[in-house]
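Order of appearance sets the numbers: ligands from 1, and atoms from 1 within every ligand. Residues take their numbers from the sequence shown, with the count starting at 1.
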Amino acid sequence: QAKAAGRNALRFFDPTMQAAVIDRAQLEADLRHVIERQELTLFYQTQVNAHGDVVGVEALVRWEHPSRGVVSPGVFIPLAEESHLIGPVGGWVMETACKQLAQWARDPSTEPLSIAVNVSPNQFRQVGFVEQVETVLARTGANPQRLKLEVTESLLMEDLAAVCERMEQLRELGVRFSLDDFGTGYSSLAYLKRLPLDQLKIDQSFVRDVLEDPADAAIVRTVIALAHSLELEVIAEGVETGAHRDWLYAEGCMAYQGYWFSRPGPVETLSL
Ligand code: C2E
Ligand code: MG
Ligand code: MG
Ligand code: MG
C-alpha cells in the first residue's frame with residue numbers, strides 16, 4: 001500500500017507533467033502581451049458558392065509566438081477563454097475584420113464579400129459585447145450586413161433567453177449569424193426556431209468521410225434538409241476534395257469552405 005502511494009506521489013512530481021503545467025502557465029503569461037506585442041494576425045479562408053464564386057471569407061486568428069512559431073487557435077483560444085483574455089483577443093479580431101470589410105467596401109468587386117468572425121461563448125456573454133460590436137462597426141465604417149458572427153451550440157447551453165435577446169440586438173444592427181460546427185454540440189432542435197440564425201455550418205467531422213460513411217452521409221443530408229425547411233442558408237466546412245463538393249452539391253448544399261478551394265492565409269494571398 002505504502003509503496004503504491006509512494007509511486008503515486010512520485011508520479012505527481014513527474015517532470016513531464018510539471019513541464020506541461022509550466023508550459024501552460026508560460027503560454028498564458030505570454031498571451032497577456034499578445035495585443036501590445038502585435039503577435040496576432042488574421043488569416044482568411046474563402047467561402048465559395050455553387051458557381052465557384054467567392055462570396056465571403058472566414059477570419060481565423062493566428063498567434064505568431066516569438067519562440068514557438070505559430071500557435072494554433074485550437075490551443076490558445078480555449079486558454080484565452082479560461083484566463084479572461086478572450087475579450088481583448090476577440091476585440092482585436094473583430095476590429096481587424098471590420099477594417100478589412102471597410103477596405104473591401106471601397107472596391108465594387110470586393111464590396112459584396114462578407115467576413116465570418118468566430119465568437120467564443122465567454123466573449124459573447126461579456127457585458128457590453130453588443131455595444132463593442134456597435135462601436136467597432138461605427139469606428140471602422142464596416143457594413144454590418146457583411147459581418148457574420150459564428151457562434152457554437154455550446155453558447156446555447158445556458159440561459160437561452162438572454163442569448164436570444166443579445167442576438168436580436170445584434171441583428172437589429174444588421175449583423176448576421178451562423179451556427180458553427182453544427183451537429184457536434186448538444187443543442188436541441190427546438191433552439192433553431194427560436195434563434196435569429198441565418199446559416200447552419202455543417203461541421204467538418206461529418207464532411208470528411210461523407211463518401212464512405214453512410215452515417216455521416218445521413219447526418220449531412222439531414223442538416224441540409226433541416227436548413228432548407230427552416231429557410232436557413234447552409235455551408236459545409238472541411239471540403240477537401242472535388243468529390244466532397246460534388247456530393248454536397250447533389251444533396252442541395254450550395255456553399256462550401258475547405259482546402260479544396262483554398263487554405264486559410266493572409267489577406268494578400270486570397271484570390272477573390
Ligand atoms: P472553426 O471555426 O470550425 O474553423 C474551421 C477550422 O477548420 C479552421 O482551423 C480551418 O483552418 C480548418 N479547415 C478549413 N478547411 C479545412 C479542410 O478542408 N480540412 C480540414 N481538416 N480543416 C480545415 P483553425 O484555423 O485552426 O481554427 C480552429 C478553431 O479555432 C476554429 O474552428 C474556431 O473554433 C477557433 N478560432 C479560430 N479563429 C478564431 C477567432 O478569431 N476567435 C475565436 N473565438 N475562435 C477562433
Ligand atoms: Mg468557424
Ligand atoms: Mg466550424
Ligand atoms: Mg470546426
Side-chain angles (χ1 to χ4, degrees), residues 31 34-35 39-48 54 56-65 69-100 114-126 129 132-133 136 147-155 176-185 197-211 216 220 233-245 247-248 253 255-267 269-270:
L31 194 58
V34 84
I35 307 287
E39 291 170 356
L40 294 181
T41 56
L42 211 48
F43 274 18
Y44 297 94
Q45 185 178 33
T46 57
Q47 299 182 329
V48 171
V54 175
V57 297
E58 179 175 8
L60 294 159
V61 71
R62 297 290 181 265
W63 178 9
E64 286 172 3
H65 191 283
V70 178
V71 184
S72 148
V75 172
F76 77 86
I77 291 291
L79 198 61
E81 282 245 307
E82 289 160 33
S83 53
H84 307 285
L85 293 167
I86 195 63
V89 170
W92 182 88
V93 170
M94 193 71 70
E95 178 96 25
T96 307
C98 286
K99 279 184 190 153
Q100 190 58 61
S114 64
I115 300 185
V117 170
N118 292 284
V119 178
S120 298
N122 287 346
Q123 184 188 356
F124 188 89
R125 288 192 207 105
Q126 266 181 0
F129 177 70
Q132 189 199 351
V133 173
V136 171
L147 179 65
K148 190 180 282 177
L149 301 185
E150 293 198 359
V151 295
T152 55
E153 290 165 83
S154 56
L155 182 66
R176 293 177 302 144
F177 284 98
S178 181
L179 193 53
D180 201 1
D181 304 336
F182 184 66
T184 61
L197 290 170
D198 300 276
Q199 185 182 64
L200 296 183
K201 195 163 191 183
I202 305 170
D203 190 64
Q204 59 189 50
S205 63
F206 303 121
V207 174
R208 191 186 309 123
D209 301 322
V210 81
L211 287 115
D216 284 335
V220 173
E233 292 167 30
V234 60
I235 184 167
E237 68 176 18
V239 180
E240 292 190 352
T241 66
H244 280 155
R245 182 263 171 217
W247 188 94
L248 288 158
C253 176
Y256 323 93
Q257 184 183 335
Y259 296 163
W260 175 249
F261 298 97
S262 72
R263 298 228 167 210
V267 71
T269 66
L270 293 174

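Of the options Ala59, Ala97, Pro73, the smallest heavy-atom separation from atom 26 (O) of ligand 1 is shown by Pro73. Residue nearest to atom 39 (C) of ligand 1, selected from Val61, Leu42, Thr241: Val61 (by heavy-atom distance).
Remark: the Ser205 side chain and the Asp203 side chain contain an N/O donor-acceptor pair separated by less than 3.5 Å. In this model, no donor atom of one side chain and acceptor atom of the other lie less than 3.5 Å apart for Gln45 and Glu58.
With values rounded to the nearest 0.5 angstrom, Glu150 atom CD is found 12.0 Å from Ile115 atom CD1. Rounded to the nearest 0.5 Å, atoms CG (Leu179) and CG (Leu155) are 9.0 Å apart. With rounding to the nearest 0.5 angstrom, the CG atom of Leu270 is 8.5 Å from the OH atom of Tyr44. The CZ atom of Arg245 sits 6.0 Å away from atom CZ of Phe261, with the distance rounded to the nearest 0.5 Å. Considering CG of Leu197 and OG of Ser178, their distance stands at 8.0 Å, rounded to 0.5 Å. Atoms CD1 and CD1, on Ile235 and Ile202 in that order, are 9.5 Å from each other to the nearest 0.5 Å.
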Full working for side chain to side chain contact (heavy atoms under 4.5 Å, CB included) between Phe129 and Val119: CA-CA 10 Å; Phe129 177 70; Val119 178; 3.8 Å; yes
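Atoms of ligand 1 lying under 4.0 Å from any heavy atom of Pro264, numbered from 1 in the order shown and given with element: 11 (O). Short contacts between ligand 1 and Glu240, defined as distances under 4.0 Å to a heavy atom of the residue, involve ligand atoms 17 (C), 18 (O), 19 (N), 20 (C), 21 (N).
For ligand 1, the polar-atom distance check finds no N/O of Gln257 at less than 3.5 Å from any of the ligand's N/O atoms. At a 3.5 angstrom cut-off on N or O pairs, Tyr259 counts as close to ligand 1. In terms of polar-atom proximity, defined here as any N/O pair under 3.5 Å, Gly258 makes no such contact with ligand 1. The distance criterion of under 3.5 Å between nitrogen or oxygen atoms is met by Asp181 with respect to ligand 1.
The name of the N, O or S atom in Asp180 nearest to the Mg ion (ligand 2) is OD2. Between the Mg ion (ligand 2) and the N, O or S atoms of Glu58, the shortest distance is to OE2. Looking at Glu150, its N, O or S atom nearest to the Mg ion (ligand 2) turns out to be OE1.
Side chain of Glu237 to backbone of Gln204: a donor-acceptor contact under 3.5 angstrom is found. No donor-acceptor pair closer than 3.5 Å links the side chain of Asp180 to the backbone N or O of Thr152.
Proximity of Leu60 to ligand 1, defined as any heavy-atom pair under 4.0 Å, is shared by backbone and side chain alike. Residue contacts with ligand 1 for Asp180 involve side-chain atoms from C-beta outward but no N, CA, C or O (heavy atoms, distance under 4.0 Å). With a 4.0 Å cut-off on non-hydrogen atoms, Glu237 touches ligand 1 through its side chain and not its backbone. At a 4.0 Å heavy-atom cut-off, ligand 1 touches Ser120 through backbone and side chain alike. When non-hydrogen atoms are compared, ligand 1 lies under 4.0 Å from the side chain of Gln45 (C-beta onward) but not from its backbone.
Residue contacts with ligand 1: Lys201 is excluded, as none of its non-hydrogen atoms falls under 4.0 Å. Contact annotation: Gly90 has no heavy atom less than 4.0 Å from any atom of ligand 1. Under a 4.0 Å heavy-atom criterion, Glu81 is not in contact with ligand 1.
By the 4.5 Å heavy-atom criterion applied to side chains, Leu147 and Cys98 are counted as neighbours.
The Mg ion (ligand 2) has no N, O or S atom of Ser178 under 2.8 Å away, backbone or side chain.
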